[in-house]
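Below is one structure, written out as structure tokens; comments come after it.
Just the heavy atoms: all of them, side chains too, but no hydrogens, waters or symmetry mates, feed the values below. Just so it is clear: chains get the letters A, B, ... in the order the sequence lines come, proteins before strands, and each one is counted from 1.
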2 protein chains.
Amino acid sequence: MTGAAVFEENVGVSTPQARETFEKYLRKRGLRVTDQRMAIFEAAVSQKEHFTAETLLDHARAVEKSRYVSRATVYRTLPVMTESALLREVDIGTGEKFYMPNVGANAQVAQVVCLDCDRIFEISAPFMEWYGSTVSSKLGLTPESQRLQVSARCNALRDAGSCPRRGGNGTRKPARAGR
Amino acid sequence: MTGAAVFEENVGVSTPQARETFEKYLRKRGLRVTDQRMAIFEAAVSQKEHFTAETLLDHARAVEKSRYVSRATVYRTLPVMTESALLREVDIGTGEKFYMPNVGANAQVAQVVCLDCDRIFEISAPFMEWYGSTVSSKLGLTPESQRLQVSARCNALRDAGSCPRRGGNGTRKPARAGR
DNA sequence: CTGCCTGCAAACTCTTTGCACGAAT
DNA sequence: ATTCGTGCAAAGAGTTTGCAGGCAG
């Protein structure tokens, strides 16, 4: 049931004409096109894996020719990008929220979180939508969204003592940069 | 597929012989049987709906003939009760964790969260376990747990302007009691 | 020129923790 | 008598927000 295809490498969309799309969206919503917002946008859509607000801040500050970006602005811009469906919010219950560029139609995805390497894998799970409507209607509710997450342990780590996925992402950042 | 039975009223186990069970568990783990732990235990298992640490604190303090219970002790006792499988932790991504007495074999449950009345409904979802193992094995992982949550809106509120479920639980508490 | 945006820092929420006293075994 | 548990208060972590000045339109 339900082809569970694993998206190992989720290629982040670069910034050829994507920039224009975001500019257009901002204007349509009556929001101003600022240097900071564009830098945060560029940093966000170029991510290949899940990222946090803190990581995004670092990358936004690394965007060339951009003005200084503050943490507050990142936090204020993230909702704009998720509302525009550019990003997807992924809450794995660790205190900090993760985000992921929304590539195409992978809206219905489940996450498999490796508790050993902190990695987040995404799996298409189209049946989630069906399930959501089914159970919601029984309660007189209209589904808005659904999330399915599996927490798991690494077999290789248990057997061989080391995790094959070299600390790609997920490796928790040590501290906070600018306070 | 998968009998999706809704547990409308989850009757909280009272405290006839349940107390002894917890006392026994504490001793087995080399933990001391204190007045506070027992009060928190009683407060927890008598809950009929999902509750937070803060709510539990209030109820524990209301337990007759018990010594004063501090917030810290509640936070220190919650893990003990979840490890003993007396409680189940439910994270709906709102910042605060919810807990639920574990009644019988309802380990594999999904949650439907009403975004209007903040209520949490539980639905049995046995297929979750199967799903977890299936996708985990494809990644070389061993599943530990899985969560499935549906966020939804109240039809009655949309149509009639009011939610039929009178603010049972979920109605967010105004402030914090003891500081 | 007007008002939205930004940066700064403080505030906030939930949870965890160090320490000294007090109680269970 | 030990040692673990408790209460207090402070510390944390992540995120939000009030305010004054700055930039987009």
Side-chain angles (χ1 to χ4, degrees), chain A residues 22-41 50-58 60-61 63 65-82 87 89-99 118 172-179, chain B residues 22-41 50-58 60-61 63 66-82 89-99 118 172-179:
Chain A
F22 190 51
E23 282 194 23
K24 200 172 295 180
Y25 176 80
L26 287 176
R27 290 193 220 279
K28 190 171 63 184
R29 284 207 31 187
L31 299 171
R32 292 183 179 171
V33 179
T34 65
D35 226 35
Q36 287 88 339
R37 279 179 178 155
M38 294 316 289
I40 295 168
F41 163 78
H50 295 79
F51 59 91
T52 63
E54 200 60 30
T55 312
L56 180 57
L57 175 62
D58 291 345
R61 283 180 175 167
V63 171
K65 299 186 188 179
S66 174
R67 215 162 301 200
Y68 177 80
V69 177
S70 73
R71 182 170 291 108
T73 301
V74 167
Y75 276 107
R76 283 191 272 236
T77 306
L78 277 168
V80 176
M81 295 193 292
T82 53
L87 297 186
E89 197 181 289
V90 178
D91 178 357
I92 61 169
T94 50
E96 58 189 349
K97 286 175 188 159
F98 286 81
Y99 297 86
D118 277 329
R172 196 78 74 233
K173 275 202 65 187
R176 161 176 291 195
R179 205 268 116 126
Chain B
F22 190 53
E23 281 194 23
K24 201 172 293 179
Y25 176 80
L26 288 175
R27 290 193 220 281
K28 190 172 62 185
R29 285 207 31 187
L31 299 172
R32 292 181 180 171
V33 179
T34 66
D35 227 34
Q36 288 89 338
R37 279 178 178 156
M38 294 315 289
I40 294 167
F41 164 78
H50 295 79
F51 59 92
T52 62
E54 199 60 31
T55 312
L56 181 57
L57 175 62
D58 291 344
R61 283 180 175 168
V63 171
S66 174
R67 215 163 303 201
Y68 177 81
V69 177
S70 73
R71 182 170 291 107
T73 300
V74 168
Y75 277 107
R76 284 191 270 236
T77 305
L78 278 168
V80 176
M81 294 193 291
T82 53
E89 199 181 288
V90 178
D91 179 357
I92 60 169
T94 49
E96 56 190 350
K97 285 176 190 158
F98 285 82
Y99 296 87
D118 277 329
R172 197 78 73 234
K173 275 200 65 187
R176 162 175 291 191
R179 210 268 116 130

- Query: If you take all heavy atoms of B/Arg67 and B/Asp35, which pair is closest and at what distance?
  - Reply: N-OD2, 3.1 Å

- Query: Closer than 4.0 Å, any side-chain N/O of A/Thr73 to the OP1 or OP2 of C/dG7?
  - Reply: yes

- Task: Take A/Arg29 and A/Tyr25 through the side chain to side chain donor-acceptor pair (under 3.5 Å) test and state the conclusion after the steps.
- Result: CA-CA 6 Å; A/Arg29 284 207 31 187; A/Tyr25 176 80; 3.1 Å; yes

- Query: Which one, C/dC8, D/dG5, D/dT15, comes nearest to the side chain of B/Arg37?
  - Reply: D/dG5

- Whole angstrom is fine here: how far is it from CE in B/Met38 over to C1' in C/dA23? 16 Å

- Would you kindly give the CG-to-C1' distance between A/Leu56 and D/dT15, to the nearest whole Å? 14 Å

- Spacing between A/Leu26 atom CG and C/dC4 atom P, to the nearest angstrom: 15 Å

- Task: Would you please confirm or rule out a distance under 4.0 Å between OP1 or OP2 of D/dG7 and any side-chain N or O of B/Gln36?
- Result: yes

- On a heavy-atom basis, the closest approach of B/Val69 and B/Ala39 is CG2-CB, 4.3 Å

- Item | Value in whole Å for how far the P atom of D/dG14 lies from CD of A/Glu89 | 15 Å

- Note, A/Leu56 side chain near A/Met81 side chain (heavy atom, < 4.5 Å): yes

- Round to the nearest Å and state the distance from B/Glu23 atom CD to C/dA24 atom C1'. 12 Å

- Query: Given atom OH of A/Tyr75 and atom C1' of C/dC12, what is their separation to the nearest angstrom?
  - Reply: 13 Å

- Query: What class does the angle between the rings of A/Phe98 and A/His50 fall in, given that below 30° is parallel, 30 to 60° is tilted and above 60° is perpendicular?
  - Reply: perpendicular

- For B/Glu54 against B/Arg71, the heavy-atom pair lying closest together: OE2-NH2, 2.7 Å

- Message: From CZ of A/Arg71 over to P of C/dA9, roughly how many Å is that when rounded to an integer?
- Response: 12 Å

- Under 4.0 Å protein heavy-atom contacts per nucleotide of nucleotides 19-25 of chain D, with B for base, S for backbone only and - for none: ----SBS

- Message: How many whole angstroms separate atom NZ of B/Lys97 from atom P of C/dT13?
- Response: 18 Å

- Message: Tell me if a side-chain donor or acceptor on B/Arg37 pairs with a main-chain N or O of B/Arg32 at a distance below 3.5 Å.
- Response: yes

